[in-house]
Engineer: 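Before anything else, here's the structure in question.
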There are 2 protein chains.
Amino acid sequence: MKVKVKNKMLLKDYFTYKSKRGLKTSQKRLFIIDYFLNEDRHFSIEELYHEIRKINSQISFSTVYRTLRLLTDCGLAQECCFAEGMVRYEPVHKARHHDHLICRKCGRIIEFENSEIEKLQNHVAKKFGFLVVSHALELYGLCTMCQKKQRRS
Amino acid sequence: MKVKVKNKMLLKDYFTYKSKRGLKTSQKRLFIIDYFLNEDRHFSIEELYHEIRKINSQISFSTVYRTLRLLTDCGLAQECCFAEGMVRYEPVHKARHHDHLICRKCGRIIEFENSEIEKLQNHVAKKFGFLVVSHALELYGLCTMCQKKQRRS
DNA sequence: ATGAAAATGAAAGTCAAAGTCAAAAATAAG
DNA sequence: CTTATTTTTGACTTTGACTTTCATTTTCAT
Ligand SMILES: [Mn+2]
Ligand SMILES: [Mn+2]
Ligand SMILES: [Zn+2]
Ligand SMILES: [Zn+2]
């Protein structure tokens, strides 16, 4: 099994990390990383595992689990602890920070950025002498489609 | 065991709910509710259980657990899913909504309100045609005290 | 006081997440 | 290329935070 990587650019940070830490790159790990970074979604471990399984049924849950943690360690993935009781992982775009609108009905996730909100957050923190390291802002509710569906019934 | 309630006012909503649903009020439940509402903190089930256990060692984990869910059902408590991997419960002040600053070092929780941020949140939601039902905003970092401690070492 | 209904507690069950370890794969050395 | 060393894998076990079960106890309307 020899994996053809879709986009070598995305893997750059991984290879840097790998060299520094004396890791070895198995074909399975390579496949998972490549798939995860190119899909660019908010995967739970379970979800990613099941999708990958359809393509390559030789990859175990353990390996998917460990690869997501590895990507988190080398800064290519980020954990999202939404109010679902399980962790999701999303690729860290080289680009920038964003927050989320999450549909309680269909699970759709919309990303947004709002520098005004971020500014106000920092302002609040300063008022309390608090040093902000990270933050979570999630708006839960119904996406446009689910609102329409609800009105119909 | 006969519980002396510290503040009957706080229990009003519970008694309304109780009557509507044909519940019975055990002394243990009464003690837990009274303690929780008067302490007015952000308890994990485990924490509340251990504190209560020091005062009344005849109360089980199950009962604390079930009482917190009951309070959530009757609108007297709210679940807080901070990024710790466990749920906390806080009394719902008759007053108003607020968000949280959370110290990653000592666990201290500071509450704040900022209507400007809330307005901007609604503005963002509207832009995406999204109907917001609830939201979570938490700022994680270091409180003043923990920053000082860190500088000293 | 009594008995139907609700609450309790000890124990067992869930389930996502994390750890274990022998076997397999990758890569460094010869 | 072959061997040796190190890392990775996968099946399995363990953990921990809930959540449910059910026999026993408590509540409270009559
Ligand atoms: Mn995102
Ligand atoms: Mn609070
Ligand atoms: Zn939706
Ligand atoms: Zn602190």
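Below, all heavy atoms of this structure are taken into account, side chains as well, without hydrogens, waters or symmetry copies. Here is how names work: the chains are called A, B, and so on, in the same order as the sequence lines, proteins then strands, and each is numbered from 1.
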Engineer: Round to a whole Å and report the spacing from CG of Leu68(A) to P of dA18(C).
Structural biologist: 11 Å
Engineer: Mind listing the residues from residues 31-53 of chain B sitting with a heavy atom below 4.0 Å of DNA chain C? Number order is fine.
Structural biologist: none
Engineer: Which residue pairs satisfy the ring pair (Phe, Tyr, Trp, His ring centres under 6.0 Å) criterion with at least one member in residues 16-41 of chain B, sequence neighbours excluded?
Structural biologist: none
Engineer: Using a 4.0 Å heavy-atom cut-off, write out nucleotides 20-30 of chain C from 5' to 3' as B (base contacted by protein), S (sugar-phosphate only) or - (no contact).
Structural biologist: B-----BS---
Engineer: Between Tyr65(B) and Ser60(A), which is nearer to the 5' end of DNA chain D once each is assigned its nearest nucleotide?
Structural biologist: Ser60(A)
Engineer: Can you tell me the distance, in whole Å, between the OH atom of Tyr14(A) and the C1' atom of dT7(D)?
Structural biologist: 10 Å
Engineer: Name all residues meeting the ring-ring contact (aromatic ring centres under 6.0 Å, His included) criterion together with Tyr14(B); count only those two or more places apart in sequence or in a different chain, and write none if there are none.
Structural biologist: none
Engineer: In whole angstrom, what separates Lys2(B)'s NZ from dT26(D)'s C1'?
Structural biologist: 12 Å
Engineer: Between dA16(C) atom P and Phe61(A) atom CZ, what is the distance in whole Å?
Structural biologist: 8 Å
Engineer: To the nearest angstrom, how far is Ile59(B) atom CD1 from dT26(D) atom P?
Structural biologist: 13 Å
Engineer: In whole Å, what is the span from the CD atom of Glu84(B) to the P atom of dG16(D)?
Structural biologist: 16 Å
Engineer: Taking 4.0 angstrom as the limit, do Glu79(B) and Arg88(B) come out as a salt bridge?
Structural biologist: no
Engineer: What heavy-atom pair brings Leu137(B) and Asp99(B) nearest, and what distance separates the two atoms?
Structural biologist: O-CB, 3.4 Å
Engineer: Please list, chain by chain and in numerical order, all residues satisfying side-chain hydrogen bond (donor to acceptor under 3.5 Å, both in side chains) with Asn122(A), sequence neighbours excluded.
Structural biologist: none
Engineer: Atom CZ of Arg29(B) and atom P of dT25(D): how far apart are they, to the nearest Å?
Structural biologist: 19 Å
Engineer: Under the ring pair (Phe, Tyr, Trp, His ring centres under 6.0 Å) rule, what pairs show up with a residue in residues 112-137 of chain B, not counting sequence neighbours?
Structural biologist: His97(B)-His135(B)
Engineer: Considering only residues two or more places apart or on different chains, which pairs with a residue in residues 29-46 of chain B satisfy salt bridge (Lys or Arg N to Asp or Glu O under 4.0 Å)?
Structural biologist: Glu39(B)-Arg41(B), Arg41(B)-Glu51(B)
Engineer: Just jot down the ring-ring contact (aromatic ring centres under 6.0 Å, His included) partners of Phe61(B), sequence neighbours excluded, or say none.
Structural biologist: Tyr49(B)
Engineer: What is the nucleic acid contact for Gln58(A), judged by heavy atoms within less than 4.0 Å: base, sugar-phosphate only, or nothing?
Structural biologist: sugar-phosphate
Engineer: For Tyr89(B) and dA17(D), what is the distance between atoms OH and P respectively, to the nearest whole Å?
Structural biologist: 13 Å
Engineer: For Arg21(A), answer base if it contacts any base atom (sugar-phosphate contacts may also be present), sugar-phosphate if it contacts only those atoms, and nothing otherwise; contact means non-hydrogen atoms under 4.0 Å.
Structural biologist: nothing
Engineer: Partners of His98(B) by ring-ring contact (aromatic ring centres under 6.0 Å, His included), sequence neighbours excluded?
Structural biologist: His93(B), His100(B)
